[in-house]
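The structure displayed is predicted, hence computed values, not measured ones.
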Amino acid sequence: MFMCSPCCAEVVGDFEAPLRSERMLPPDADVGTFDDGAAAEAFGQMASQNSPASVFHALVQIEDEGDLGMHLDITPKDRLRISKIEDRGPVVAYNAGVAESLRVREGDLILSVNGVTADCKAKVGALAACGRMDLEIGRARTFVVRVPDASQGKLGLDLVVHPAGAAAYITQVFSKGLVQTWNQQNPELDVRSGDMIIAVNGQTGTSLELTQLAVSTSKLELTITRPAEA
């Protein structure tokens, strides 16, 4: 089966989190800088490498109605994010027969289903049928933002969360806040509206768990993802 987690259930405004993480970056990590004038520093790291093709098509044969063997999140920008791939199902069978660069991965985005590019509801409806599915898959770009001393102020984010979702969705980055300071100092790793937070301090969970984890620590490491082509 496939499971869909709708978003837009709760908005967390002007997100404030006192955050800490002691995990160090690897020696070869890309490093950004963060200085709010009060002895804070932050680092940016590309956390994953993209396939040479950021968008490709996966032809998947579905024998049992609605059985794709993966879990999906609905994003605010009408993309379906693959949050989990089970160890069986049509997607696993497809992956076994193609090169690694064309395999569907957790974290990928479904951009269209059999040419359906409309809202997520239409895509989910198309996925519920049997037969051959042409899935247009978009790779995701993932990076890490680290703010060692979030007690210096608010993060300055508007978030949309859902209890069953596996990501918190950023709907706004405010002009004042620690994340905006990060953006000004690390434009190549800037956090944007539409980005998704998929882990906090290296831990994954539901979107509510992620926000709760963020406010329970005093140093923060946010794993951010967005479409690679964005």
Side-chain angles (χ1 to χ4, degrees), residues 2-17 19 21 32 42 44-51 54-55 70-85 104-112 119-121 123-124 135-147 150 155-174 177-180 182-183 186 188-215 220-230:
F2 72 89
M3 298 180 63
C4 250
S5 299
C7 69
C8 301
E10 181 178 352
V11 176
V12 181
D14 203 7
F15 188 60
E16 179 178 7
L19 301 153
S21 170
Q45 174 192 7
M46 296 308 300
S48 69
Q49 299 295 323
N50 298 320
S51 163
S54 61
V55 177
M70 60 185 180
H71 296 239
L72 304 175
D73 277 341
I74 294 176
T75 77
K77 293 197 172 182
D78 290 329
R79 302 180 180 100
L80 293 174
R81 178 177 177 272
I82 302 171
S83 58
K84 182 179 181 180
I85 297 176
V104 179
R105 308 170 186 166
E106 292 180 355
D108 284 348
L109 302 166
I110 299 178
L111 307 179
S112 70
D119 59 28
C120 285
K121 183 177 180 180
K123 294 187 185 75
V124 170
L135 306 181
E136 183 182 11
I137 302 294
R139 294 295 192 209
R141 180 192 184 201
T142 302
F143 60 97
V144 173
V145 172
R146 178 180 284 177
V147 182
L155 290 179
L157 296 176
D158 240 0
L159 300 177
V160 171
V161 301
H162 186 278
Y169 302 97
I170 299 171
T171 58
Q172 184 177 358
V173 179
F174 294 110
L178 296 176
V179 171
Q180 179 60 19
W182 163 269
N183 286 349
N186 298 274
E188 75 286 358
L189 296 172
D190 63 324
V191 180
R192 310 171 188 172
S193 173
D195 286 352
M196 294 164 275
I197 301 172
I198 58 172
V200 173
N201 294 348
Q203 297 186 41
T204 58
T206 67
S207 56
L208 283 179
E209 289 171 342
L210 294 177
T211 56
Q212 290 167 357
L213 177 61
V215 298
L220 175 67
E221 190 175 273
L222 291 177
T223 303
I224 306 289
T225 189
R226 72 167 65 109
E229 74 275 10

Side chain to side chain contact (heavy atoms under 4.5 Å, CB included) against K84, all qualifying residues, sequence neighbours excluded: H71, E86, E106
When rounded to the nearest 0.5 Å, the distance separating CZ of R226 from OG1 of T142 is 10.0 Å
Kindly give the heavy-atom pair with the smallest separation between I198 and A167, and that separation in Å. CG2-CB, 4.0 Å
Keeping D73 on the side-chain end and A166 on the backbone end, is there a donor-acceptor pair under 3.5 Å? yes
Within the structure provided, determine whether K123 and L72 are in side-chain contact (heavy-atom separation under 4.5 Å). no
Does the pair L135 and V104 meet the rule for a side chain to side chain contact (heavy atoms under 4.5 Å, CB included), with working shown? CA-CA 10 Å; L135 306 181; V104 179; 5.7 Å; no
Rounded at 0.5 Å granularity, tell me how far OH in Y169 sits from OG in S193. 13.5 Å
Evaluate the side-chain proximity of I110 to M70: yes if any heavy-atom separation is below 4.5 Å, no if none is. yes
Which of V161, L159, T223 passes side chain to side chain contact (heavy atoms under 4.5 Å, CB included) with I197? Answer is L159
Whether the side chain of W182 engages the backbone of L155 through a donor-acceptor N/O pair (distance < 3.5 Å, no angle test) should be reported. no
Is there side-chain contact between V55 and E136, with heavy atoms separated by less than 4.5 Å? yes
Answer yes or no: is there a side-chain heavy-atom contact under 4.5 Å between I170 and D158? no
List for me each residue that meets side chain to side chain contact (heavy atoms under 4.5 Å, CB included) alongside N183, sequence neighbours excluded, and say none if there are none. V173, V179, Q180, D190, V191
Considering only heavy atoms from C-beta outward, does the side chain of V200 approach that of L220 to under 4.5 Å? yes
What I'd like to find out is whether the side chain of V145 reaches to under 4.5 Å of the side chain of N186, using heavy atoms alone. no
Taking every non-hydrogen atom, the tightest pair across R139 and D108: NH1-OD2, 2.6 Å
Give the minimum heavy-atom separation between A228 and S54, together with the two atoms involved. CB-CB, 3.9 Å
Rounded to the nearest 0.5 Å, what's the gap from CD1 on I137 to CG on L111? Could you check? 7.0 Å
Closest non-hydrogen atoms of A199 and L210, given as atom of the first, atom of the second and distance, are CA-CD2, 3.9 Å
What residues, two or more places apart in sequence or in another chain, satisfy side chain to side chain contact (heavy atoms under 4.5 Å, CB included) together with T206? L208, E209
Which atom names give the shortest non-hydrogen contact between L109 and M196, and what distance separates them? CD2-CE, 4.2 Å
All pairs passing salt bridge (charged side-chain N to carboxylate O under 4.0 Å, His left out) where residues 159-173 contributes a residue, at least two apart: none
